Amino acid sequence: VDLAAVDSRNTPGFAGSGKSEGRAQTAKVGKRLAKRQEQLYAQGRAGGDQAVLLVLQGMDTSGKGGTVKHVTGLVNPMGVRYHAFGPPTAQERSHHFLWRIRRHLPGPGAIGVFDRSHYEDVLVARVHELVPPEVWQRRYDEINRFEADLHPSIRLVKCFLHISPDEQRARLAARLDKPSKYWKYDPKDLDERAHWLEYQQAYADALRRCHTDTAPWYVVPADRKWYRDWAISHLLLEQLDELGLGWPAPDGWDPAHERRRLAADEPRPVR
Ligand code: AMP
Ligand code: MG
């Protein structure tokens, strides 16, 4: 994995003419996504055990929140389980690093969204030496075993939102320009930015070592927000389509019989 060789302004797979066509296509995909999600949710209610988990990773300002808004926002929030992972609490630190991850996995019928994830434990933990090298080194295999165990009940879609340092500078500047964006800014973002190359190396290793058949990584060029949304909405739809979902059959009742009952129904007089 050579991230420097991937152009973050690129739009692989997109055949249209640009932003407005990209946004229009994403809206169309959204309709199909919404139907599939409703089927997934309905199947979950009917005892099905399938779920999908979208894992979003990327540098600060890479668009994790924007993806949640524009892609997850295309489907019914009832069926979405979103969680953002920040620095672990004291309680979380007292457990294995996967403990807090397991607690937020999507249940049957849900689409889980992880805004950061267990991968932070081989990213920030490595770059800032929060644990000794031998500890983060063995985490790649632990992650692979963990993700293999989730399969096939939980389908993973792991996306690395790939932006350039210049794009990050522009987005940080935008956050500093507008009071309506201050809430997204954290002075620590600039300290993290100073470690850009170490993070790219850590990301490259995580993508390489944890890219498996059942839980592949996708590098999503993310300098163009419309393309990021286009790509991730398509990846999600692809996974949902592969589940072969349909509408659940009635459980223990007959629609024809219920229709007759309804037709004969009269409000009972008050006694
Ligand atoms: P944000 O996504 O902007 O809300 O920032 C969340 C912060 O939590 C980032 O600086 C992450 O690096 C940090 N973080 C997330 N997971 C971990 C972890 N396992 N260990 C240490 N820091 C973490
Ligand atoms: Mg932030």
Side-chain angles (χ1 to χ4, degrees), residues 1 3-38 52-77 79-80 82 84 111-117 119 155-185 189 193 196 199-200 203 207 216-242:
V1 181
L3 288 174
V6 181
D7 182 355
S8 54
R9 290 190 66 76
N10 219 348
T11 58
F14 177 71
S17 61
K19 179 174 173 173
S20 63
E21 201 179 331
R23 286 266 176 235
Q25 287 187 13
T26 302
K28 270 196 189 156
V29 165
K31 300 250 187 299
R32 290 159 66 194
L33 208 51
K35 177 182 164 187
R36 288 286 180 237
Q37 183 228 8
E38 195 169 329
V52 172
L53 175 57
L54 177 64
V55 174
L56 299 173
Q57 283 288 164
M59 300 294 286
D60 293 312
T61 77
S62 60
K64 301 180 289 293
T67 303
V68 174
K69 181 173 169 180
H70 295 287
V71 178
T72 315
L74 296 166
V75 305
N76 191 335
V80 174
Y82 167 81
I111 294 183
V113 183
F114 280 1
D115 179 337
R116 303 186 190 269
S117 65
Y119 283 94
R155 293 262 190 151
L156 271 87
V157 184
K158 303 187 291 190
C159 295
F160 169 60
L161 309 187
H162 181 48
I163 57 168
S164 66
D166 285 348
E167 181 65 21
Q168 189 192 52
R169 177 191 300 279
R171 291 185 187 181
L172 287 171
R175 289 182 181 184
L176 290 170
D177 274 353
K178 291 196 189 139
S180 64
K181 291 194 175 190
Y182 287 171
W183 68 275
K184 297 190 198 183
Y185 187 80
D189 293 352
R193 180 176 163 79
W196 187 274
Y199 270 109
Q200 297 297 302
Y203 266 111
L207 299 182
W217 265 110
Y218 297 95
V219 177
V220 179
D223 278 4
R224 299 175 202 262
K225 296 173 181 172
W226 66 264
Y227 174 76
R228 171 200 74 203
D229 298 337
W230 181 91
I232 297 177
S233 60
H234 277 81
L235 289 171
L236 256 189
L237 182 63
E238 213 172 80
Q239 281 304 313
L240 285 161
D241 279 346
E242 275 182 27

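The shown structure was predicted, so the numbers you read here are calculated from the model rather than taken from an experiment.
For R224, there are no salt bridge (Lys or Arg N to Asp or Glu O under 4.0 Å) partners at least two apart in sequence or on another chain. Remark: Y199 pairs with no residue by the ring pair (Phe, Tyr, Trp, His ring centres under 6.0 Å) rule, at least two apart or across chains. For V1, the side chain to side chain contact (heavy atoms under 4.5 Å, CB included) partners at least two apart in sequence or on another chain are L3, A204, L207, R208. Scored by the side chain to side chain contact (heavy atoms under 4.5 Å, CB included) test, V29 finds S233, H234, L237 as partners (sequence neighbours excluded). In this structure D115 satisfies the salt bridge (Lys or Arg N to Asp or Glu O under 4.0 Å) test with no other residue, sequence neighbours excluded. Applying the salt bridge (Lys or Arg N to Asp or Glu O under 4.0 Å) criterion to E38, with sequence neighbours excluded, gives no partner residue. Residues meeting the side chain to side chain contact (heavy atoms under 4.5 Å, CB included) test with V75, sequence neighbours left out: L33, Q37, V80. Annotation: salt bridge (Lys or Arg N to Asp or Glu O under 4.0 Å) contacts of E238 (sequence neighbours excluded): none. By the side chain to side chain contact (heavy atoms under 4.5 Å, CB included) test, K69 is found to be paired with no residue, residues two or more places apart in sequence or in another chain being considered.
A donor-acceptor contact shorter than 3.5 Å links the side chain of R175 to the backbone of K184.
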Quiz item: Step by step, would you call V68 with Y82 a side-chain contact (heavy atoms from CB on, under 4.5 Å)?
Solution: CA-CA 8 Å; V68 174; Y82 167 81; 3.6 Å; yes
Exercise. May I have the step-by-step check of side-chain contact (heavy atoms from CB on, under 4.5 Å) for Q239 and L235, ending in yes or no?
Key: CA-CA 6 Å; Q239 281 304 313; L235 289 171; over 6 Å; no
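Residue pairs meeting the side-chain hydrogen bond (donor to acceptor under 3.5 Å, both in side chains) criterion with at least one partner in residues 53-66, sequence neighbours excluded, are Q57-S117, Q57-E120, Q57-Y203, D60-R116. Applying the salt bridge (Lys or Arg N to Asp or Glu O under 4.0 Å) definition to pairs two or more places apart or across chains, those involving residues 19-32 are R23-D229. Legend: salt bridge (Lys or Arg N to Asp or Glu O under 4.0 Å) pairs involving residues 158-168, not counting sequence neighbours, sorted by first then second residue: E147-K158, E167-R171.
Rounded to the nearest 0.5 angstrom, W230 CH2 and Q25 CD are separated by 6.5 Å. Note that the CE atom of M59 and the CZ atom of R193 stand 8.5 Å from one another [nearest 0.5 Å]. Taking OG1 of T26 as the start and CZ of F14 as the end, the distance is 8.0 Å to the nearest 0.5 Å. Within the model, atoms CD1 of I111 and CZ of R155 stand 13.0 Å from one another, a figure rounded to the nearest 0.5 Å. Taking CG of L161 as the reference point, atom OG1 of T67 lies at 5.0 Å (rounded to 0.5 Å). Atom CG of residue L236 and atom CG of residue D241 lie 10.5 Å apart, to the nearest 0.5 angstrom.
Put simply, the residue from C159, P12, S8 that forms a side-chain contact (heavy atoms from CB on, under 4.5 Å) with V220 is C159.
In terms of heavy-atom proximity, R228 sits nearest to H70 at NH2-CD2, 4.0 Å. Pairing each heavy atom of Y227 with each of N10, the nearest pair is CD2-O, 3.8 Å.
A donor-acceptor contact closer than 3.5 angstrom is absent between the side chains of S164 and R9.
Within the 4.5 Å cutoff, the side chain of T11 has heavy atoms near those of the W226 side chain.
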